[in-house]
Amino acid sequence: MARYITLLAASGALSDLQQSVVQILKSCGLKLVYQTSDYLVAKEQPGGVSFSRLATIEVLIDPVSAQSAEALPQEAPPKANFHLTLIVKNEELPLQTNNHCRKVSDLIGWAIAKSHNWEFV
């Protein structure tokens with residue numbers, strides 16, 4: 001089974017962060033199958049590759065530290081720092097370094113990082 005993990009550092013309001021990640025996953029042709037406040041699961045749609053090569057993407061949103069609410073104006077939502085963990089996996093054996101799962105992992109990682117200038121950890 002191929003599995004690739006990408007770590008990103010992000011900041012902002014949790015709802016904005018989650019909404020942005022959902023939109024990026026959808027724009028990359030993935031279907032959201034499960035969502036909670038700190039966890040997302042998306043899958044590739046059948047048709048482009050064989051079933052064993054279809055990738056599943058898990059996104060874990062882990063809060064690092066919150067800024068004090070008193071320092072922000074009352075009308076602005078509080079912002080926090082987060083670590084995003086992207087886990088991309090499929091049933092394909094990673095016999096080559098340039099396999100389908102790796103390509104999907106790189107695509108999703110770069111799309112999320114570039115959308116808001118988030119940093120790779």
Problem set entry | Qualifying residues under salt bridge (charged side-chain N to carboxylate O under 4.0 Å, His left out), relative to Arg53, sequence neighbours excluded | Glu92
Exercise. Would you say the side-chain atoms of Ser105 pair up with the backbone N or O of Arg102, donor to acceptor, closer than 3.5 Å?
Worked result: no
Exercise. Just wondering, do Asp62 and Phe82 contact through their side chains at under 4.5 Å, heavy atoms?
Worked result: no
For this session: Would you sort out whether Val59 and Thr85 count as a side chain to side chain contact (heavy atoms under 4.5 Å, CB included), showing the intermediate values?
Result: CA-CA 6 Å; Val59 180; Thr85 305; over 6 Å; no
Exercise. Can you name the salt bridge (charged side-chain N to carboxylate O under 4.0 Å, His left out) partners of Asp38, sequence neighbours left out?
Worked result: none
Seminar exercise, completed: Those residues at least two apart in sequence (or on a different chain) that pass side-chain contact (heavy atoms from CB on, under 4.5 Å) with Gln35 are Gln18, Val22, Leu32, Leu40
Problem set entry | Within one Ile-Leu-Val-Met-Phe-Trp-Tyr cluster: Ile87 and Tyr34, side-chain cutoff 4.5 Å | yes
Exercise. Taking Ser20 for the side chain and Leu17 for the main chain, is one N or O donor matched with an acceptor at less than 3.5 Å?
Worked result: no
Exercise. So which heavy atom on Ile61 is nearest to which on Ser37, and how close?
Worked result: CD1-O, 4.4 Å
Exercise. Going by side-chain heavy atoms closer than 4.5 Å, which hydrophobic residues are tied to Phe51, directly or by a chain of links?
Worked result: Val49, Leu54
Exercise. With a 4.5 Å heavy-atom cut-off, do Tyr39 and Val41 have their side chains touching?
Worked result: yes
Exercise. For Ala113 and Leu8, which heavy atoms make the closest approach, and how far apart are they?
Worked result: CB-CD2, 3.9 Å
For this session: Can you sort out the partners of Glu58 under salt bridge (charged side-chain N to carboxylate O under 4.0 Å, His left out), two or more places apart, ordered by chain and number?
Result: Lys89
For this session: Side-chain contact test, heavy atoms from C-beta onward, threshold under 4.5 Å: evaluate it for Leu84 versus Leu7 and give yes or no.
Result: no
Problem set entry | Gln96 atom CD, neighbour heavy-atom count above 12 within 6.0 Å | no
For this session: Sequence neighbours left out, what passes side-chain contact (heavy atoms from CB on, under 4.5 Å) with Ala2? Give chain and number order.
Result: Tyr4, Asn90, Pro94, Cys101
Exercise. Do Gln45 and Lys43 pass the side chain to side chain contact (heavy atoms under 4.5 Å, CB included) test, and can you show the C-alpha distance, the side-chain angles, and the key distance before you say yes or no?
Worked result: CA-CA 6 Å; Gln45 297 298 306; Lys43 291 189 174 194; 5.6 Å; no
For this session: Would you mind reporting whether Glu44 and Leu30 have side-chain heavy atoms less than 4.5 Å apart?
Result: yes
Problem set entry | In one Ile/Leu/Val/Met/Phe/Trp/Tyr side-chain cluster, 4.5 Å: Leu107, Trp110 | no
Exercise. Given Val104 and Ile57, is the side chain to side chain contact (heavy atoms under 4.5 Å, CB included) satisfied, shown in steps?
Worked result: CA-CA 9 Å; Val104 172; Ile57 295 87; 4.1 Å; yes
Seminar exercise, completed: Closest non-hydrogen atoms of Leu86 and Gly109, given as atom of the first, atom of the second and distance, are CD1-CA, 3.8 Å
